[in-house]
K.L.:
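The structure under discussion is supplied below as structure tokens; questions concerning it will follow.
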Amino acid sequence: MDTAILPSTFLLTLLLAVGLLFFIRASTKDRTEMMQLISEQEESVLMPQLQEYFRSRSYRVAEVDHEKNQVTFEGFVKPSIFLAVFLTLLASAGLVCLSLVFALLFPRFGNIFLGLVLFAPLSGLFYWKKAGRLEKVVLKLESLANQPQLFSKITVVAHRDELLELQKALPLKPNE
């Protein structure tokens, strides 16, 4: 093979490996956001609906602050088996590519580099240990007596996927 092709292929493969490492690390990143939602229902009707929604999603009430009119829910988020297997497969493919490039660069040690693939399950294990965690949802309810048609404003601090599911499940609109 041409001598200029091997170093450039190695560099590109190394860059892809770095990108894969960042992708695996980002799979466990905390994605907590704050969102303000408004409802056309009164507090007395809305609060039981919110409690039932979070109870059905396996959250429990952890703390109630009556002064701030704030409720904190806690729930354990289980890691995804699919994502752990997917990350392991991606790491396997990346390590096979890297070992093939090493085998081309150093032909005397060619088969030894294929042993790098044995490290692929570590990515799934890393995800599994980091992704399973206790998730908190902070809910603050305020009444909007000064606006007709709108009765309640809710400030929610939660994972962004949880916020999307909450908007789908209950008649809540984003506060613009």
Side-chain angles (χ1 to χ4, degrees), residues 15-95 97 119-176:
L15 288 173
L16 288 171
V18 169
L20 179 62
L21 285 174
F22 280 105
F23 182 76
I24 291 169
R25 196 179 80 181
S27 68
T28 62
K29 184 180 174 189
D30 184 26
R31 289 173 171 74
T32 303
E33 294 180 1
M34 184 185 83
M35 182 180 276
Q36 291 186 338
L37 304 167
I38 51 176
S39 173
E40 296 175 358
Q41 298 175 338
E42 294 182 19
E43 275 185 60
S44 58
V45 176
L46 186 60
M47 196 57 179
Q49 287 179 349
L50 288 167
Q51 286 178 329
E52 178 58 30
Y53 168 78
F54 284 113
R55 190 195 60 74
S56 71
R57 304 271 298 168
S58 299
Y59 284 90
R60 64 173 184 78
V61 176
E63 181 184 346
V64 177
D65 188 350
H66 293 289
E67 291 176 10
K68 296 179 183 176
N69 207 16
Q70 181 173 306
V71 180
T72 303
F73 294 93
E74 283 184 348
F76 183 76
V77 177
K78 294 190 303 187
S80 165
I81 293 172
F82 170 77
L83 194 53
V85 171
F86 180 67
L87 289 173
T88 302
L89 290 174
L90 280 179
S92 298
L95 289 172
C97 292
F119 292 107
L122 292 177
S123 64
L125 186 65
F126 170 79
Y127 165 76
W128 194 263
K129 290 197 179 260
K130 296 278 186 174
R133 63 180 173 268
L134 195 63
E135 195 82 27
K136 287 189 177 189
V137 175
V138 180
L139 197 71
K140 184 175 181 179
L141 201 56
E142 303 170 47
S143 66
L144 298 172
N146 58 350
Q147 295 184 13
Q149 301 293 323
L150 300 176
F151 295 107
S152 303
K153 180 173 115 178
I154 308 157
T155 304
V156 185
V157 178
H159 190 277
R160 70 175 176 203
D161 294 338
E162 195 64 54
L163 292 171
L164 291 173
E165 289 298 319
L166 178 63
Q167 284 182 291
K168 286 179 190 176
L170 297 175
L172 302 170
K173 300 173 192 169
N175 188 15
E176 282 101 24

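We use all heavy atoms of the structure for the numbers below, so side chains are in, but hydrogens, waters and symmetry mates are not.
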K.L.:
Output yes when R31 and E33 qualify as a salt bridge under the 4.0 Å nitrogen-oxygen rule, no when they do not.
P.N.:
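Salt bridge: no.
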K.L.:
So, taking the atom named OG1 in T28 and the one named CH2 in W128, what distance separates them when rounded to the nearest 0.5 Å?
P.N.:
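Result: 14.0 Å between the selected atoms.
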K.L.:
Roughly how far apart are D65 CG and L139 CG, rounded to 0.5 Å?
P.N.:
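D65 atom CG to L139 atom CG measures 12.5 Å (nearest 0.5 Å).
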K.L.:
Flag yes if more than 12 heavy atoms outside F23 fall under 6.0 Å of its CZ atom; otherwise flag no.
P.N.:
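No - once you tally the heavy atoms of other residues, nucleotides and ligands closer than 6.0 Å, there are 12 at most.
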K.L.:
Just verifying a value: how many Å separate K168 NZ and Y53 OH, rounded to the nearest 0.5 Å?
P.N.:
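If we round to the nearest 0.5 Å, K168:NZ and Y53:OH are 9.5 Å apart.
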K.L.:
Under a 3.5 Å distance rule, please check whether S123 uses its side chain to pair with a backbone N or O of L87 as donor and acceptor.
P.N.:
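Present.
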K.L.:
Hey, what do you get for CD (Q167) to CG (L172), rounding to the nearest 0.5 Å?
P.N.:
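Here the rounded value is 7.0 Å.
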K.L.:
Heavy-atom count around I81 CD1 within 6.0 Å, excluding the residue itself: above 12?
P.N.:
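Open.
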K.L.:
Applying the side-chain contact (heavy atoms from CB on, under 4.5 Å) test to E135, which of H159, R57, E74 qualifies?
P.N.:
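By the side-chain contact (heavy atoms from CB on, under 4.5 Å) criterion, E135 pairs with just one of H159, R57, E74: H159.
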K.L.:
Among E162, Q51, K136, find the residue that satisfies the side chain to side chain donor-acceptor pair (under 3.5 Å) test when tested with Y59.
P.N.:
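Single pass found, and it is E162.
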K.L.:
Measuring from atom CG of L125 to atom CZ of F119, what distance do you get when rounded to the nearest 0.5 angstrom?
P.N.:
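Between atom CG of L125 and atom CZ of F119 there are 13.5 Å.
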K.L.:
Got a second to check how far L170's CG is from I154's CD1, nearest 0.5 Å?
P.N.:
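If I round to the nearest 0.5 Å, the distance is 7.5 Å.
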K.L.:
Is the count of non-hydrogen atoms from other residues, nucleotides or ligands lying under 6.0 Å from F86 atom CZ greater than 12?
P.N.:
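Counting other residues, nucleotides and ligands, CZ of F86 stays at 12 neighbours or fewer.
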K.L.:
Would L166 and V137 satisfy side chain to side chain contact (heavy atoms under 4.5 Å, CB included), going step by step from the backbone distance to the final call?
P.N.:
CA-CA 11 Å; L166 178 63; V137 175; over 6 Å; no
K.L.:
Using a cut-off of 6.0 Å, state whether more than 12 heavy atoms not belonging to R133 lie near its atom CZ.
P.N.:
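Atom CZ in R133 is crowded, with more than 12 foreign heavy atoms closer than 6.0 Å.
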